[in-house]
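Input: a single structure, listed below in structure tokens.
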Amino acid sequence: MSETETTGASYAAAGVDIEAGDRAVELMKEWVRKTQRPEVAGLGGLGGFAGLFDASALKRYERPLLASATDGVGTKVDIARQLGVYDTIGHDLVAMVMDDIVVCGAEPLFMTDYICVGKVHPERVAAIVKGIAEGCVLAGCALVGGETAEHPGLLGPDDFDVAGAGTGVVEADRLLGADRIRAGDVVIAMASSGLHSNGYSLVRHVLFDRAGMRLEQRVEEFGRTLGEELLEPTRIYSLDCLALTRTTEVHAFSHITGGGLAANLARVVPEGLHAAVDRSTWTPGAVFDLVGTAGRVERLELEKTLNMGVGMMAVVPADSVDVALTTLADRGVDAWAAGEITERGTHTTGATLTGDYAA
């Protein structure tokens with residue numbers, strides 16, 4: 001018998017390093033502390049079996065509704081892996097979760113994460129959590145806990161994936177959605193920071209497999225490398241959206257993620273009404289043109305997959321447009337009136353894009 005057959009089996013021999021996991025927890029603690037809200041300060045701490053949140057803070061609500069969401073960032077994690085840049089992908093995760101929650105008007109409260117790796121590299125895990133913590137600060141929520149799982153044999157030593165779940169709260173009579181929308185409302189578009197975290201399977205296929213581009217390749221239209229453009233963090237709109245609800249009347253939000261602009265906007269448009277969005281009101285960023293050109297991807301296919309330069313939309317009454325645009329401008333968010341709500345008429349869907357993009 002070989003030496004390995006004569007010695008006892010162990011978790012470490014199977015590829016799981018408990019000590020490395022413990023070190024990763026120690027490295028991430030300082031970043032998690034930066035996300036604390038008053039409702040979690042002094043309760044437990046990182047490393048417990050459950051994250052704690054003081055629900056007595058909800059007593060100020062007449063009828064609090066809890067909103068929850070869960071998501072990941074898809075194959076964008078492979079770009080981070082190839083570049084060896086791990087401290088931005090967490091922004092994407094928070095955005096995908098918390099910007100879904102804010103759509104109903106809910107204030108983000110807390111979030112948990114799940115990081116699955118082939119091998120625990122403590123500094124790498126801590127960098128991922130650093131990005132998640134920074135994203136939570138931008139969204140105004142606390143990071144109350146999470147899990148790092150090591151899966152040797154299923155994932156390669158450098159492979160990883162991330163997911164997260166979040167919770168928010170909204171007063172019942174302030175819940176936003178389709179039932180508030182009326183004909184004559186205006187659709188406001190908020191600019192995306194780029195591709196965000198959707199469509200990367202198409203993007204990677206087009207740019208790498210078909211066009212033969214490299215992550216380190218400089219692209220003049222971007223003013224930086226392809227990898228830097230593809231790893232641009234998803235914009236987090238949570239606090240911007242909440243600011244809108246405080247300064248003016250808002251009927252609905254739509255987070256533009258998988259499925260594209262029209263399909264996501266249609267999710268908040270009620271039966272009998274229609275959202276017409278005018279493409280001529282904005283110019284998609286250069287990355288969208290590159291994907292379309294390099295892969296000879298038809299515009300309809302691009303629009304079904306990518307956000308085309310719009311990451312969030314708000315539906316507001318016509319007399320709220322000026323205040324809404326001013327509020328967003330003051331917060332550094334590029335926004336514009338992009339369409340209107342009309343009677344459904346002969347339209348078979350809740351939202352359509354019309355015209356051509358501005359040159």
Side-chain angles (χ1 to χ4, degrees), residues 69-82 88-89 91-93 95-97 99-100 103 161-163 187 189-213 215 219 221-222 226-237 253-269 275-313 338-339 347-358:
T70 185
D71 212 335
V73 298
T75 58
K76 188 172 183 176
V77 297
D78 192 55
I79 306 298
R81 180 191 63 80
Q82 291 187 60
T88 63
I89 204 76
H91 287 233
D92 299 287
L93 180 62
M96 299 307 289
V97 173
D99 284 346
D100 274 358
V103 161
D161 199 7
V162 296
V187 179
M190 301 179 216
S192 69
S193 57
L195 292 169
H196 283 185
S197 300
N198 296 104
Y200 272 74
S201 293
L202 172 65
V203 170
R204 290 163 55 246
H205 171 67
V206 165
L207 300 185
F208 304 148
D209 299 340
R210 300 192 65 168
M213 299 183 71
L215 286 172
V219 180
E221 293 87 345
F222 302 158
L226 176 63
E228 289 170 330
E229 176 69 25
L230 296 185
L231 209 56
E232 178 68 31
T234 303
R235 180 173 234 152
I236 298 173
Y237 300 92
F253 290 113
S254 177
H255 188 198
I256 311 305
T257 57
L261 193 156
N264 280 289
L265 182 56
R267 294 167 66 179
V268 299
V269 177
V277 177
D278 185 357
R279 295 185 185 95
S280 70
T281 59
W282 82 97
T283 304
V287 68
F288 303 99
D289 182 62
L290 176 64
V291 174
T293 302
R296 290 181 293 181
V297 184
E298 295 183 358
R299 184 170 73 178
L300 181 60
E301 184 66 22
L302 281 178
E303 292 175 341
K304 288 196 306 182
T305 309
L306 307 179
N307 67 57
M308 302 307 291
V310 177
M312 180 73 77
M313 304 196 94
H347 292 287
T348 58
T349 60
T352 56
L353 305 182
T354 64
D356 294 317
Y357 293 110

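Both backbone and side-chain heavy atoms feed into the values below; hydrogens, waters and symmetry mates do not. Only a predicted model underlies this, so the values are computations on that prediction, with no experimental measurement involved.
Using a distance-only test at 3.5 Å, with no hydrogens or angles considered, a donor-acceptor pair links the side chain of Asn307 to the main chain of Gly194. Using a distance-only test at 3.5 Å, with no hydrogens or angles considered, no donor-acceptor pair links the side chain of Asp71 to the main chain of Leu93. Proximity of a side-chain donor or acceptor of Thr305 to a complementary backbone N or O of Gly199 within less than 3.5 Å is not detected. Not one N or O on the side chain of Ser254 forms a donor-acceptor pair closer than 3.5 Å with the backbone of Met313.
In this structure, Phe222 CZ and Glu228 CD are separated by 11.0 Å, a value rounded to the nearest 0.5 Å. In this structure, CD1 on Ile256 lies 12.5 Å from CG on Leu306, to the nearest 0.5 angstrom. The structure places OG1 of Thr257 at 11.0 Å from NE2 of His196, a figure rounded to the nearest 0.5 Å. For the atom pair CD1 of Ile89 and CD1 of Ile79, the computed distance is 9.0 Å after rounding to the nearest 0.5 Å. To the nearest 0.5 angstrom, Arg299 atom CZ is 3.5 Å from Arg279 atom CZ. Atom CG of Leu195 sits about 10.0 Å away from atom CE of Met308, to the nearest 0.5 Å.
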Evaluate Leu290 against Met213 for side chain to side chain contact (heavy atoms under 4.5 Å, CB included), listing each step before the verdict.
CA-CA 11 Å; Leu290 176 64; Met213 299 183 71; 4.1 Å; yes
Given side chain to side chain contact (heavy atoms under 4.5 Å, CB included), test Tyr200 with Asp78 step by step and report yes or no.
CA-CA 9 Å; Tyr200 272 74; Asp78 192 55; over 6 Å; no
Please evaluate residues Val77 and Arg81 with respect to the criterion side chain to side chain contact (heavy atoms under 4.5 Å, CB included), reporting the C-alpha separation (whole Å), side-chain torsions for both, the decisive distance (0.1 Å), and the verdict.
CA-CA 6 Å; Val77 297; Arg81 180 191 63 80; over 6 Å; no
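Taking each heavy atom of Val277 and Trp282 in turn, the nearest pair found is CG1-CZ3, 3.8 Å. Thr234 approaches Ala95 most closely through the heavy-atom pair CG2-CB, 3.4 Å. Closest of all the heavy-atom pairs between Leu207 and Ala294 is CD2-CB, 4.1 Å. When all heavy atoms of Arg210 and Gly295 are compared, the closest pair comes out as NH1-O, 3.6 Å.
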